[in-house]
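Here the structure is laid out as structure tokens; the discussion comes afterwards.
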Amino acid sequence: MSKPIVVIGSSNIDFIMKMDHLPARDETVTDAVFMQTFGGKGANQAVAAGRAGGNVILVNCVGDDPYVERMLAGFRESGINTDYIIRETGISSGTALVMIGEGGHNYLSVSPGANGLLTPERVEAVRDLIAGAAYVLMQFEIPPATIARALDIAAEVGTPVVWNYAPANPFDITQLKKVNIVVANEVEATALTGIPVTDVATAQTAAQKLRELGAQTAIITLGETGSVVATADGVQHIPAFPVAALDTTAAGDTYCGCLVVALAEGQSLVEAVRFASAGGALCVQRMGAQPSIPWRVEIEMFLQKRL
Ligand code: RIB
């Protein structure tokens, strides 16, 4: 079996309301459609990587709420090794409220729950796992000190890190030196660089700045406008696949999970971004986080139709 992709991150129970327009302050929208699904940026990325064919281990903390068994079963069905998921008592799993409005864009509010208990010590306990990994994949829904420890360990043992700076939160920018590939959307790239990212040109400037700050490679995702990729060889724009978006929840997560699988298989960065974009394009056409994440066969069929 190939070396694993170790995902260190969150899992959430998502409560979703989809509506034609989001409520204004003090307004009640009464015709929303409700769904309860499983999400969390770490879990979504692990599911995306598992369904895309990766050998995936998820390092995560869940609570003792009634949703846990179904959530873990879903991970296993997606091919994820759940041996390193810690089950806490006396606390709920992470929870997210997701409101989806016009154009499928989402508005998210997260209560970390057990995700807050994924401590630096718990990451230290999986040092050997990190040492044996093809890649470490992280997001920013677990404590910053845990991210910092994982970056240190990965640097010490020489395992490359793909870090999705999502959601944007205060971060010690000097840590970017330990990140091989940073992935950020417009909002997150703006928060990291201070450069307002609104289009391809500003994303190119911001991506170069992320490299100057220490990341070896920077990818800025621009939704339907595609991706901007900055490496030592220069900056390029890779267009997205045009599709009609129903719900963008977990599109970025699907992108990151697919990206790392393709890289672990030895695909070039450009090929991997194309594979990731195809995964994201399939995801936005369906509702919910994990239910919308595509399988490998779907991604390959999608790409074949666009050759
Ligand atoms: O990226 C989407 C995810 O963000 C949702 O599944 C929600 O749980 C929040 O973590």
Side-chain angles (χ1 to χ4, degrees), residues 1-7 9 37-58 73-82 104 133-137 139 160 162 164 166 180-181 183 185 217 219-229 231 236-307:
M1 202 177 234
S2 57
K3 279 175 148 189
I5 294 162
V6 174
V7 181
T37 67
F38 296 110
K41 293 183 194 304
N44 293 345
Q45 295 188 16
V47 166
R51 291 185 189 168
N55 171 16
V56 180
I57 299 173
L58 176 59
F75 295 161
R76 288 190 281 266
E77 281 160 24
S78 297
I80 298 169
N81 176 334
T82 57
Y135 280 92
V136 167
L137 174 59
Q139 314 72 33
V162 177
N164 178 214
N180 297 75
I181 303 178
V183 183
N185 69 15
T217 295
I219 300 178
I220 299 183
T221 57
L222 301 167
E224 61 268 34
T225 309
S227 310
V228 163
V229 181
T231 66
Q236 60 180 311
H237 170 228
I238 300 170
F241 298 101
V243 291
L246 179 68
D247 170 16
T248 60
T249 310
D253 299 331
T254 302
Y255 183 105
C256 292
C258 291
L259 179 82
V260 176
V261 169
L263 292 172
E265 288 175 356
Q267 295 188 39
S268 71
L269 185 59
V270 171
E271 285 169 333
V273 166
R274 220 174 116 73
F275 186 77
S277 302
L282 286 162
C283 173
V284 300
Q285 296 177 69
R286 303 171 190 161
M287 278 282 294
Q290 288 166 28
S292 70
I293 296 172
W295 293 80
R296 177 73 177 230
V297 62
E298 297 175 277
I299 301 171
E300 285 180 349
M301 278 169 59
F302 181 91
L303 283 169
Q304 266 168 22
K305 284 190 198 142
R306 277 149 186 88
L307 277 178

Checklist line | Euclidean distance, N164 CG relative to Q45 CD, rounded to 0.5 Å | finding: 4.5 Å
Next item on the list: Look up atom CG in D253 and atom CD1 in I293, then write down how far apart they are to the nearest 0.5 Å.
Entry: 6.5 Å
Item checked: Beyond-backbone contact of V260 with I181, side-chain heavy atoms, under 4.5 angstrom -> no
Next item on the list: Starting at OG1 of T82, measure out to CD1 of I57 and round the result to the nearest 0.5 Å.
Entry: 10.5 Å
Next item on the list: Compare all side-chain heavy atoms of V243 with those of F302 and state whether any distance is below 4.5 angstrom.
Entry: yes
Note to self: What's the separation between atom CZ in R286 and atom CG in L246, rounded to the nearest 0.5 Å?
What the structure shows: 11.0 Å
Check: So which pairs with a foot in residues 45-58 pass salt bridge (charged side-chain N to carboxylate O under 4.0 Å, His left out), sequence neighbours left out?
Finding: none
Item checked: OG on S292 to CG on L282, rounded to 0.5 Å -> 10.0 Å
Notebook entry, point to check: Do D247 and M287 touch side chain to side chain, with heavy atoms closer than 4.5 Å?
Noted result: yes
Check: How far does CG of L137 sit from CG of L259, to the nearest 0.5 angstrom?
Finding: 8.5 Å
Next item on the list: Give a yes or no on whether the backbone of W295 and the side-chain of E298 come within a donor-acceptor separation of less than 3.5 Å.
Entry: yes
Check: Looking at G280 and T254, what are the two nearest heavy atoms and their distance?
Finding: N-CG2, 4.0 Å
Notebook entry, point to check: For A251, does its backbone N or O pair with a side-chain atom of T248 as donor and acceptor, under 3.5 Å?
Noted result: no
Checklist line | Nearest atoms (heavy-atom pairs only) where G42 meets L58 | finding: O-CD1, 4.2 Å
